[in-house]
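See structure below.
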Amino acid sequence: QVQLVQSGAEVKKPGASVRVSCTASGYMFPANYIHWVRQAPGQGLEWLGRINPNRAATNYAQNFQGRVIMTSDTSVTTAYLELNSLRTDDTAFYFCAREKRNTFDFWGQGTLVTVSS
Amino acid sequence: DIQVAQTPSSLPATVGDTVTITCRPSQNINSLLNWYQHKPGGAPKLLIYAASSLQSGVPSRFSGSGSGTNFTLTIRSLQPEDFVSYYCQQSYSIPYTFGGGTKVEI
């Protein structure tokens with residue numbers, strides 16, 4: 001069955017960087033985009049961007065241009081989200097999700113990133 | 001970018017009620033509108049895709065309708081586990097924007 005398993009919680013100081021991983025199983029990893037979405041405390045869902053694991057092509061939300069890098073490694077069926085220059089308002093749960101036919105049909109369990117001095 | 005206006009943000013209801021949530025994208029998205037349920041501490045779950053198709057395993061009390069710039073999610077006979085948050089999402093063009101969310105609460 002399809003599964004997306006994310007790395008564990010992170011605590012970072014303002015200005016630091018964080019990398020979250022998302023390991024896929026149960027399907028052909030290169031065949032589907034992986035998207036990243038976050039939810040800050042008390043806020044809604046916010047789309048950060050997506051990566052095509054087959055070609056490593058990316059699209060980023062304008063709000064995160066210059067601060068976010070999405071990569072993938074097909075040899076270990078894993079996608080990565082790197083967010084730089086962290087601020088306290090980057091504190092959020094970060095989710096990866098598989099895109100199939102214009103839907104996010106499977107999601108990772110979420111990774112809590114806490115940014116605090 | 002396509003903006004998605006979702007209403008209401010909070011929806012008081014009681015077990016057994018029928019409730020409706022509305023999403024209005026800022027431009028025509030044909031039928032490329034999805035609905036997700038989000039429980040606290042968990043990952044969002046796909047309920048409805050392409051405006052009106054029920055995702056496998058989702059109870060039939062959930063239904064979606066609409067096209068273009070006007071969409072609705074209807075939940076019939078609310079169950080206790082349905083008192084969580086719901087989000088619509090347009091998947092017509094990148095960025096795949098979400099509505100602001102609706103919390104169904106007692």
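Hydrogens, waters and symmetry mates play no part in the numbers below; they use all other heavy atoms, side chains included. Bear in mind the structure is a predicted one, so any value in this text is a computation, not a measurement. We name chains A, B, ... by the order of the sequence lines, and we start the count at 1 in each one.
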Flag the pair B/Leu46 / A/Phe106 as yes when at least one side-chain heavy-atom distance between them is below 4.5 Å, and no otherwise. no
More than 12 heavy atoms from other groups under 6.0 Å of CZ on A/Arg67: yes
Count the heavy-atom pairs under 4.5 Å between each of B/Gly42, B/Gly99, B/Gly101, B/Pro95 and chain A, then report the option with the highest count. B/Pro95
Applying the 4.5 Å side-chain criterion to the ILVMFWY set and letting contacts propagate, would A/Val113 and A/Phe64 be lumped into a single cluster? yes
Which value, rounded to the nearest 0.5 Å, describes the distance between B/Ile94 atom CD1 and A/Tyr60 atom OH? 13.0 Å
Would you say the rings of A/Phe95 and B/His38 are close, in the sense that their centroids are separated by under 6.0 Å? yes
Count I, L, V, M, F, W, Y as connected when their side-chain heavy atoms are under 4.5 Å apart, and connections chain through other members. Are B/Val19 and B/Phe62 then in the same cluster? yes
Side chain, backbone, both or neither of A/Gln43 within contact of chain B (heavy atoms, under 4.5 Å): backbone
B/Arg61 CZ: over 12 foreign heavy atoms closer than 6.0 Å: yes
Enclosure of A/Tyr27 OH (heavy-atom neighbours >12, cutoff 6.0 Å): yes
Side-chain heavy atoms under 4.5 angstrom apart, residues restricted to Ile, Leu, Val, Met, Phe, Trp, Tyr: same cluster for A/Ile69 and A/Tyr80? no
Hey, quick one: are A/Val68 and A/Ile34 part of the same hydrophobic cluster, counting side-chain heavy atoms closer than 4.5 Å, chains of contacts allowed? yes
I'd like to know whether A/Val37 forms a side chain to side chain contact (heavy atoms under 4.5 Å, CB included) with B/Tyr96, so could you lay out the CA-CA distance, the side-chain angles of the two residues, the decisive distance to 0.1 Å, and finally the verdict. CA-CA 10 Å; A/Val37 174; B/Tyr96 287 173; over 6 Å; no
Residues, nucleotides or ligands: over 12 heavy atoms within 6.0 Å of A/Gln62 CD: no
Between the CG atom in B/Leu33 and the OG1 atom in A/Thr103, the distance rounded to the nearest 0.5 Å is 12.5 Å
Which region of A/Arg50, side chain (C-beta onward) or backbone (N, CA, C, O), has a non-hydrogen atom less than 4.5 Å from a non-hydrogen atom of chain B, or is it both or neither? side chain
Do A/Trp107 and B/Lys45 make a side-chain contact, defined as non-hydrogen atoms from C-beta onward lying under 4.5 Å apart? no
Do A/Leu112 and A/Tyr94 belong together in a cluster built from hydrophobic side chains that touch within less than 4.5 Å? no
Give the minimum heavy-atom separation between B/Ser91 and A/Asn102, together with the two atoms involved. OG-O, 2.8 Å
Where on A/Asn59 is there a heavy atom nearer than 4.5 Å to chain B: the side chain, the backbone, both, or neither? side chain
Can you say whether the rings of B/Tyr36 and A/Phe104 are parallel (under 30°), tilted (30 to 60°) or perpendicular (over 60°)? tilted
Quick one: are B/Tyr49 and A/Arg101 in side-chain contact, heavy atoms under 4.5 Å? no
Check: A/Gln39 and B/Tyr87 side chains under 4.5 Å, non-hydrogen atoms: yes
Minimum heavy-atom distance between A/Gly108 and B/Ala43, given as atom pair plus value: O-CB, 3.1 Å
Checking heavy atoms, do the side chain of B/Gln89, its backbone, both or neither come under 4.5 Å from chain A? side chain
